[in-house]
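Predicted model only: the values in this text are computed from it and were never measured.
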Amino acid sequence: MRIGTWTLPHPVCVAPMAGVTDRPYRRLCKALGAAYAVSEMAASNPRLWDSVKTSRRLDHTGEPDPVAVQIAGADPDMLAEAALFNVRKGARIIDINMGCPAKKVCNVASGSALLRDEALVARILQRVVAACAPLGIPVTLKTRTGWDRDSRNAVRVARLAEDCGIAALTLHGRTRCDLYTGEAEYDTIRDVRQAIRIPLIANGDIDSPEKARRVLDYTGADAIMVGRAAQGRPWIFREIAHYLAHGTHLPPPTYGELREHLLSHLEDHYTFYGEYTGVRTARKHIGWYLADLPGTDALLPAIMTLGSTEQQSRALRRWLEDQSADAPAIPVLH
């Protein structure tokens, strides 16, 4: 699959997730097999570009190319300016967010709220593509199937995107009003595949190699994007890519590998966020890594109370060293 001049080595990508796919996590996912990763969404409003949060989201140090940055907003000129600003900061692909269902985003007519105004969608896409084209920067779009189930307009939006010069489209199989409830549907993604020729990435509830295979076969999409299923499982990308290529499963990670990846991830995370924010924002990642593993019932509540990165890291290292390094780290089924 190609996005502009970039060729992806396989069709398995990590989805942008606010508060999750920061630079440390994107680097880890790419190291463990993700072919492509898009940053957390960056605000298009220039007044926010100097904030600590935005500054972190502009930091791509050490991230393998192609660096892809997602921008969010509702003003075409402001979004075009934000795209160019991010290109100057290292972006090689610009992704436009028209899929976020969060209230604070939709209440300012951004994210998936834009799906209710197709004329504005077209103006935004045309303006951003026109700004990026002279620099050779491809522009992609991530969106949902519609505002609600009675107004699914993904096929029309996809055709608009293709006509406006969008290089690839990622489609989540839910409407905005579905939020993250229920199950993603893939009929609309299949309909979109039949309506456009640009690369299409399917997204929503893809949590295993078999599911990835089924979604690709059913929709005809060129690639799949994994979101929540990658939380605490960054090795899922190599597992899916291997299954798609060979039809067989890789063995699960051992406790030795878990120790290596988790502690390495935390070290990068602490360095990126600093002591105060680092120890607090690491808690959710630790919970995702360990919550379903046997023998963590006492460990996890204790770790959540620790107030320093050194304490947090030491407690984890001690627990991991008590596990057999060669034993598979297999979650307990609930």
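Using a distance-only test at 3.5 Å, with no hydrogens or angles considered, a donor-acceptor pair links the side chain of Glu40 to the main chain of Gly19. Distance alone, capped at 3.5 Å, is enough to place a donor-acceptor pair between the Trp49 side chain and the Ala43 backbone. Remark: side-chain polar atoms of Asn203 are not paired, donor with acceptor, to backbone N or O of Leu171 under 3.5 angstrom. In terms of modelled atom types and a separation under 3.5 Å, the side chain of Asp178 and the main chain of Thr175 share a donor-acceptor contact. The backbone N or O of Ala302 lies less than 3.5 Å from a partner atom in the side chain of Thr305, making a donor-acceptor pair. With Trp319 contributing its side chain and Gly295 its backbone, the two residues share a donor-acceptor pair below 3.5 Å. A distance-only check finds a donor-acceptor pair linking the side chain of Thr296 to the backbone of Leu290 [under 3.5 Å]. Using modelled atom types, no side-chain atom of Lys30 and backbone atom of Val14 make a donor-acceptor pair closer than 3.5 Å. At least one donor-acceptor pair under 3.5 Å links the side chain of Thr54 to the backbone N or O of Leu48. Within the 3.5 Å criterion, the main-chain N or O of Gly33 finds a donor-acceptor partner in the side chain of His10.
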Let me see the working for His265 and Tyr289 under side chain to side chain donor-acceptor pair (under 3.5 Å), right down to the final yes or no. CA-CA 11 Å; His265 179 194; Tyr289 276 106; 2.9 Å; yes

Check the pair Asp59 / Thr61 against side chain to side chain donor-acceptor pair (under 3.5 Å), numbers first and verdict last. CA-CA 6 Å; Asp59 185 343; Thr61 305; 2.7 Å; yes

Applying salt bridge (Lys or Arg N to Asp or Glu O under 4.0 Å), run through Glu63 and Arg27 and close with a yes or a no. CA-CA 6 Å; Glu63 183 177 354; Arg27 291 197 336 178; over 6 Å; no

Apply side chain to side chain contact (heavy atoms under 4.5 Å, CB included) to residues Ile96 and Val128 and explain how you reach the verdict. CA-CA 9 Å; Ile96 301 174; Val128 177; 3.8 Å; yes

Does Leu320 form a side chain to side chain contact (heavy atoms under 4.5 Å, CB included) with Arg317? I'd like the steps, not just the answer. CA-CA 5 Å; Leu320 287 163; Arg317 184 175 290 104; 5.8 Å; no

Audit row: Trp147, Cys177, side chain to side chain contact (heavy atoms under 4.5 Å, CB included) steps and yes/no: CA-CA 6 Å; Trp147 174 257; Cys177 291; 3.6 Å; yes

Evaluate the side chain to side chain donor-acceptor pair (under 3.5 Å) criterion for residues Tyr273 and Asp22: first the C-alpha distance (whole Å), next the side-chain angles of each, then the deciding distance (0.1 Å), finally the verdict. CA-CA 10 Å; Tyr273 285 104; Asp22 50 22; 2.7 Å; yes

Apply salt bridge (Lys or Arg N to Asp or Glu O under 4.0 Å) to the pair Arg314 and Glu310, showing each step before the final yes or no. CA-CA 6 Å; Arg314 186 172 62 229; Glu310 196 279 333; 2.6 Å; yes

Step by step, work out the salt bridge (Lys or Arg N to Asp or Glu O under 4.0 Å) result for Glu183 and Arg174. CA-CA 8 Å; Glu183 295 183 359; Arg174 289 183 175 86; over 6 Å; no

Take Leu115 and Thr145 through the test side chain to side chain contact (heavy atoms under 4.5 Å, CB included) and record every step on the way to the result. CA-CA 9 Å; Leu115 296 175; Thr145 57; over 6 Å; no

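Asp148 and Ser151 share a donor-acceptor pair across their side chains, judged by distance under 3.5 Å alone. A donor atom on one side chain and an acceptor atom on the other are found under 3.5 Å apart for Glu275 and Thr309.
The CD1 atom of Ile330 sits 9.5 Å away from the CG atom of Leu293 when rounded to the nearest 0.5 Å.
Taking the ring centre of Tyr276 as origin, the terminal cationic atom of Arg280 falls inside the region bounded by 6.0 Å and 45° from the ring axis.
Partner of Glu185 under the salt bridge (charged side-chain N to carboxylate O under 4.0 Å, His left out) criterion, out of Arg144, Arg149, Arg152: Arg152 alone.
Residue pairs meeting the side chain to side chain donor-acceptor pair (under 3.5 Å) criterion with at least one member in residues 224-242, sequence neighbours excluded: His242-Thr248.
Counting heavy atoms of neighbouring residues, nucleotides and ligands inside a 6.0 Å radius, atom NZ of Lys103 does not exceed 12 of them. Counted within 6.0 Å of NZ on Lys211, heavy atoms from surrounding residues, nucleotides or ligands total more than 12; the atom is thus considered enclosed. The number of heavy atoms from other shown groups lying within 6.0 Å of CG (Asn107) is above 12.
Transitive grouping of hydrophobic side chains (ILVMFWY, heavy atoms separated by less than 4.5 Å) brings Leu141 and Ile224 into a common cluster. Residue Ile236 is grouped with residue Leu244 when hydrophobic side chains (ILVMFWY) are merged at heavy-atom distances under 4.5 angstrom, including chains of intermediate members. Under a hydrophobic clustering in which Ile, Leu, Val, Met, Phe, Trp and Tyr are joined whenever their side-chain heavy atoms come within less than 4.5 Å, directly or via other members, Leu250 and Val12 fall into different clusters. In terms of hydrophobic clustering, with Ile, Leu, Val, Met, Phe, Trp and Tyr side chains grouped at heavy-atom distances under 4.5 Å, Val279 and Leu306 are assigned to different clusters. Hydrophobic clustering, with ILVMFWY side chains joined whenever heavy atoms are under 4.5 angstrom apart, groups Met304 together with Leu316.
For Tyr270 against Ser313, the heavy-atom pair with the smallest separation is OH-N, 3.9 Å. Residue Ala130 comes nearest to Pro134 through the heavy atom pair O-CD, 3.1 Å, listed as atom of the first residue, atom of the second, then distance. Scanning both residues, Ala74 and Ala109, for their nearest heavy atoms gives CB-O, 3.4 Å. When every heavy atom of Arg2 is checked against every heavy atom of Thr7, the shortest pair comes out as NH1-OG1, 2.7 Å. In plain terms, the two heavy atoms of Arg56 and Phe272 that are nearest each other are O-CZ, 3.4 Å. Contact record, Met78 with Ser44: CG-O, 3.2 Å, taken as the closest heavy-atom pair.
Side-chain contact check for Val20 versus Trp288: some heavy-atom pair is nearer than 4.5 Å. Counting heavy atoms from C-beta on, the side chains of Ile201 and Leu169 never come closer than 4.5 Å. A heavy-atom distance below 4.5 Å is found between the side chains of Leu120 and Leu114. Side-chain contact check for Ile286 versus Leu300: some heavy-atom pair is nearer than 4.5 Å. In this structure, Ile166 and Glu162 have side chains that are not in contact, with every pair of non-hydrogen atoms separated by 4.5 Å or more. Using a 4.5 Å heavy-atom cutoff, the side chains of Ile303 and Gln312 are in contact. With a 4.5 Å cut-off on side-chain heavy atoms, Val38 and Lys142 do not count as touching. Considering only heavy atoms from C-beta on, Met225 comes within 4.5 Å of Pro16 through its side chain.
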Output a table of donor-acceptor pairs, distance under 3.5 Å, between side-chain atoms of residues 189-200 and any protein atom two or more places apart or on a different chain; print 'none' if there are none.
| from | atom 1 | to | atom 2 | distance (Å) |
| --- | --- | --- | --- | --- |
| Arg190 | NH1 | Tyr218 | OH | 3.1 |
| Arg190 | NH2 | Tyr218 | OH | 3.1 |
| Arg193 | NH1 | Asp222 | OD2 | 2.5 |
| Arg193 | NH2 | Ile196 | O | 2.8 |
| Arg193 | NH2 | Ile198 | O | 2.9 |

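For Arg159 and Asp163, the salt-bridge test fails: no basic side-chain N is under 4.0 Å from an acidic carboxylate O.
Taking the six-membered ring for Trp and thresholds of 30 and 60 degrees, His285 and His269 have ring planes more than 60 degrees apart, a perpendicular arrangement.
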